[in-house]
Protein chains: 2
Amino acid sequence: MKIHSFKTNESGLNRFFGPLEAKIMHILWNGPEMAIKDVQARLVKEQAINFNTVMTVMNRLVDKGVLRKRAEGRVSLFQPTQSLEQFLETQSKELTNDLLEEFGPLVVNHMLDALEEADPALIEQLEQKIQALKKER
Amino acid sequence: MKIHSFKTNESGLNRFFGPLEAKIMHILWNGPEMAIKDVQARLVKEQAINFNTVMTVMNRLVDKGVLRKRAEGRVSLFQPTQSLEQFLETQSKELTNDLLEEFGPLVVNHMLDALEEADPALIEQLEQKIQALKKER
DNA sequence: TTGCGAACATTACAATAGGTAGTGTGAGGT
DNA sequence: ACCTCACACTACCTATTGTAATGTTCGCAA
């Protein structure tokens with residue numbers, strides 16, 4: 001399995017995951033390899049939550065391929081299959097390609113409209129890359 | 001209601017809609033204001049489909065705000081609330097903004113990587129817009 | 001005037017995704 | 001021999017989407 005949808009009405013990890021899934025991924029990305037009860041312990045600080053609930057969701061994340069599970073004696077230890085950086089890199093690349101494929105020039109315009117108002121540094125970066133590209137040809 | 005998710009594993013209208021929803025929107029975007037039975041007639045050319053099924057889905061599309069329903073005597077006529085162009089414009093803009101918000105510079109790089117392999121004309125367009133932007137300042 | 005048929009409304013069921021949690025099982029330590 | 005803890009299995013709930021049966025209404029024709 002993989003990530004199939006990007007939610008426009010959410011933010012951060014909630015764009016890729018359900019709310020509990022997102023919290024769990026957040027914990028695993030900001031800490032070491034962990035057992036279920038470790039994750040649960042961190043979640044409980046916010047909100048009471050059943051051990052089995054955490055287990056079920058974590059196992060589903062394993063099925064989706066975003067967590068890896070490893071037996072260490074009697075307990076299972078979990079860790080993300082990708083670093084957060086890799087994950088964001090992968091997802092943003094896939095999304096960007098999808099967008100360009102689907103919308104082509106429209107996206108370029110929107111991009112610039114957005115950059116115009118937002119971030120002069122990004123425009124600089126863009127121009128640098130374009131110049132670099134041109135020289136290569 | 002609105003569109004809340006963009007599916008990375010689909011293509012075209014299926015990125016925004018379920019498969020039947022997408023077919024229905026396709027028909028309404030490529031024809032005049034229509035009654036349910038007109039839509040059904042076109043769908044049936046491909047695949048037998050129950051009138052009520054079409055009705056239910058079309059009414060849901062009205063609830064979502066992507067179709068408008070208008071009573072004309074005994075029948076209801078349906079038509080998209082936006083043209084396909086407007087819809088794609090809106091969606092691609094929203095997605096582009098979301099992406100930049102969420103990933104910032106990562107997206108700019110992916111964009112250029114993609115453009116590099118894909119389309120020299122888009123790069124030209126990009127550069128034009130950047131020059132235009134610079135002059136404004 | 002009555003009643004049929006067409007269009008719409010209401011209701012419901014299946015599948016999938018995600019959140020929640022009860023019950024079952026097995027292995028280790030006491 | 002047994003108890004506990006971690007894990008497995010199963011199930012139920014909500015939402016979304018596809019599917020369709022049943023119920024209602026109203027104009028027109030006999």
Side-chain angles (χ1 to χ4, degrees), chain A residues 1-10 12-27 33-41 43-44 46-78, chain B residues 1-10 12-27 33-41 43-44 46-78:
Chain A
M1 227 186 285
K2 268 293 189 63
I3 304 294
H4 289 319
S5 103
F6 179 77
K7 302 182 188 94
T8 37
N9 54 329
E10 299 285 345
L13 292 178
N14 287 287
R15 297 198 119 115
F16 305 105
F17 299 101
L20 179 54
E21 292 178 325
K23 282 184 201 167
I24 290 173
M25 291 310 295
H26 178 78
I27 288 170
E33 200 182 21
M34 257 179 244
I36 298 169
K37 73 172 192 321
D38 301 323
V39 174
Q40 187 210 9
L43 287 170
V44 157
E46 255 185 61
Q47 262 272 316
I49 183 144
N50 188 284
F51 175 92
N52 285 338
T53 299
V54 181
M55 179 170 54
T56 300
V57 173
M58 285 176 73
N59 280 323
R60 285 176 183 163
L61 288 169
V62 171
D63 293 341
K64 290 190 190 174
V66 295
L67 287 186
R68 193 190 324 285
K69 183 193 208 166
R70 185 172 69 84
E72 175 75 41
R74 346 198 348 61
V75 301
S76 294
L77 297 181
F78 295 76
Chain B
M1 229 187 285
K2 268 296 189 62
I3 306 293
H4 288 319
S5 107
F6 179 77
K7 302 182 186 94
T8 38
N9 54 330
E10 299 285 345
L13 292 179
N14 288 287
R15 295 197 119 117
F16 305 104
F17 300 100
L20 179 54
E21 291 178 326
K23 282 184 201 169
I24 290 173
M25 291 311 293
H26 177 78
I27 289 171
E33 200 182 20
M34 255 181 248
I36 298 168
K37 72 170 194 309
D38 301 322
V39 174
Q40 186 209 8
L43 288 170
V44 156
E46 256 185 61
Q47 262 271 319
I49 183 145
N50 188 283
F51 175 92
N52 285 337
T53 300
V54 181
M55 177 170 58
T56 301
V57 173
M58 285 176 70
N59 280 324
R60 285 176 184 164
L61 288 169
V62 172
D63 293 341
K64 288 188 191 176
V66 295
L67 287 186
R68 193 189 325 283
K69 184 193 210 166
R70 184 172 70 84
E72 175 76 42
R74 345 196 350 59
V75 302
S76 294
L77 297 180
F78 295 76

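Below, read A as the first sequence line, B as the second, and so on, with proteins coming before strands; counting in each chain starts at 1. These numbers come from the heavy atoms of this one structure, side chains and all, not from hydrogens, waters or symmetry mates.
- Judged by distance alone, the side chain of Thr8(B) and the main-chain N or O of His4(A) form a donor-acceptor pair under 3.5 Å.
- What separates CD of Glu21(B) from P of dT19(D) is a distance of 11 Å, to the nearest Å.
- Per the geometry, CD1 belonging to Ile36(B) stands 13 Å off P belonging to dT10(C), to the nearest Å.
- A straight line from CG of Leu43(A) to P of dA21(C) spans 12 Å, rounded to a whole angstrom.
- Of the side-chain N and O atoms in Lys37(B), one or more sit less than 4.0 angstrom from OP1 or OP2 of dA7(C).
- Each of Asn50(A) and Lys7(A) has a nearest nucleotide on DNA chain C; the 5'-most of these lies closest to Lys7(A).
- Per the geometry, CD belonging to Glu46(A) stands 14 Å off P belonging to dG19(C), to the nearest Å.
- The CZ-C1' distance, from Arg15(A) to dA17(C), rounds to 19 Å in whole Å.
- Following rounding to the nearest Å, Met55(A) (CE) and dA6(D) (P) show an atom-to-atom distance of 11 Å.
- One donor-acceptor pair, N or O on each side, does fall under 3.5 Å between the base of dT23(C) and the side chain of Asn52(A).
- Using a 4.0 Å cutoff on non-hydrogen atoms, the parts of residues 59-78 of chain B near DNA chain D are Arg60(B), Lys64(B), Arg74(B), ordered by number.
- Gln47(B) places its CD atom 10 Å from the P atom of dA20(D), with the value rounded to the nearest Å.
- Each of Leu77(B), Ile36(B), Asn59(B) was evaluated against Lys69(B); a single residue qualifies, Asn59(B), per the side-chain contact (heavy atoms from CB on, under 4.5 Å) test.
- Among the nucleotides dG18(D), dA21(C), dA7(C), the one closest to any side-chain atom of Phe51(B) is dA7(C).
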